[in-house]
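Here it is: the structure, laid out below.
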Amino acid sequence: MVNQEIYDKIKTWFDGYVNSFSTENKELEQNIEIIRDHSYRVVGLIEEFVEQANLSESDFLLAKITALLHDIGRFNQLIVHGTFADTDKINHSAIGILLLTEQESITNTLSEETKSILIECIRFHNLREIPKSVNERSLPILLVLRDADRLDNLELMAEYYSEHKSGFNKRLELELADNTNISKKVHQSIMEEKVVDSKHILGLSDFKLQQMSWIFDFQFKRSFQIASEKTYLKRMYECLPKKDIVIDMYRQMKIYMENQL
Ligand SMILES: [Fe+2]
């Protein structure tokens, strides 16, 4: 069982851990703040799903813990490896899990079952598809975490793309080249109403389209409502090259979303 006291203890550890990365480097400092603020906003977004996800009080707090810690590996990935681009060798979920299993203040606070749910949620939070092997106790929490995380990523990136020229924060753009090319596979996935696979991303436009395609995996009506109210698709579309296939894809996603409201 998770209670408020456990959540507060983990939050204290999180704040201390993030503060340990204080740096004179403005760019690194800015990216550390982006991940910290994103983690806190995902915690806040969990509240949006309490009713629809039908979580117990304890699972609701556990969902907030997974939200706070889901990107904990990003700090190390950024400082040690200088990137946010996940590869087989440098993956922020794997880095985060390794880090958390070594933290006694976390491992001593949580029961074995709670720890395994937390770890499974972190491991699967950013996968294109949730593996069938997922534990049935983890699944409801994981579904909430994934929607909340993607909603905040859409918020963060829609704002970033509309406020800044490409190249302003290379790391947030995963160091991708900004050109008007769109991969055929990206187009195909979106027209089939599927989330774009990261292996098909060849440039920044593909990456923007992948982020928009997350709507195809939204699990809760509330997610469609928030995405619609905040006009994420439109704001992202306005930052893409005006090509016929882009207009096609935008229309496909817009209609899909309207049908879910
Ligand atoms: Fe995240």
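For ligands, and for the atoms within them, numbers begin at 1 and follow the listed sequence.
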(message) Run the salt bridge (charged side-chain N to carboxylate O under 4.0 Å, His left out) test against D197 and tell me which residues pass, sequence neighbours left out.
(response) R128, K199
(message) Checking the side chain of Y160 only, and the main-chain atoms of N169 only, is there a donor and an acceptor separated by less than 3.5 Å?
(response) yes
(request) Could you pull out the atom name of the N/O/S atom in D71 that is nearest the Fe ion (ligand 1)? (result) OD2
(request) Using only N, O or S atoms, tell me which atom of H38 is closest to the Fe ion (ligand 1). (result) NE2
(request) Verify the distance test for H70 against the Fe ion (ligand 1): any N/O/S atom under 2.8 Å, yes or no. (result)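 Of the N, O and S atoms in H70, at least one lies under 2.8 Å from the Fe ion (ligand 1), which means yes.
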(request) Test I130 against every option in H125, E120, R146 by the side-chain contact (heavy atoms from CB on, under 4.5 Å) rule and name the one that passes. (result)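 The residue from H125, E120, R146 that satisfies side-chain contact (heavy atoms from CB on, under 4.5 Å) with I130 turns out to be R146.
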(request) Please state whether the separation between the Fe ion (ligand 1) and some N/O/S atom of D152 is under 2.8 Å? (result) no
(request) Give a yes or no on whether a salt bridge exists between K26 and E29, defined as a side-chain N under 4.0 angstrom from a carboxylate O. (result) yes
(message) Can you tell me how the ring of F49 sits relative to the ring of F220, calling it parallel under 30°, perpendicular over 60° and tilted otherwise?
(response)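 The rings of F49 and F220 sit tilted, inter-plane angle from 30° to 60°.
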(message) Between the Fe ion (ligand 1) and D149, which N, O or S atom of the residue is the nearest one?
(response)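 Closest to the Fe ion (ligand 1) among those atoms: OD1.
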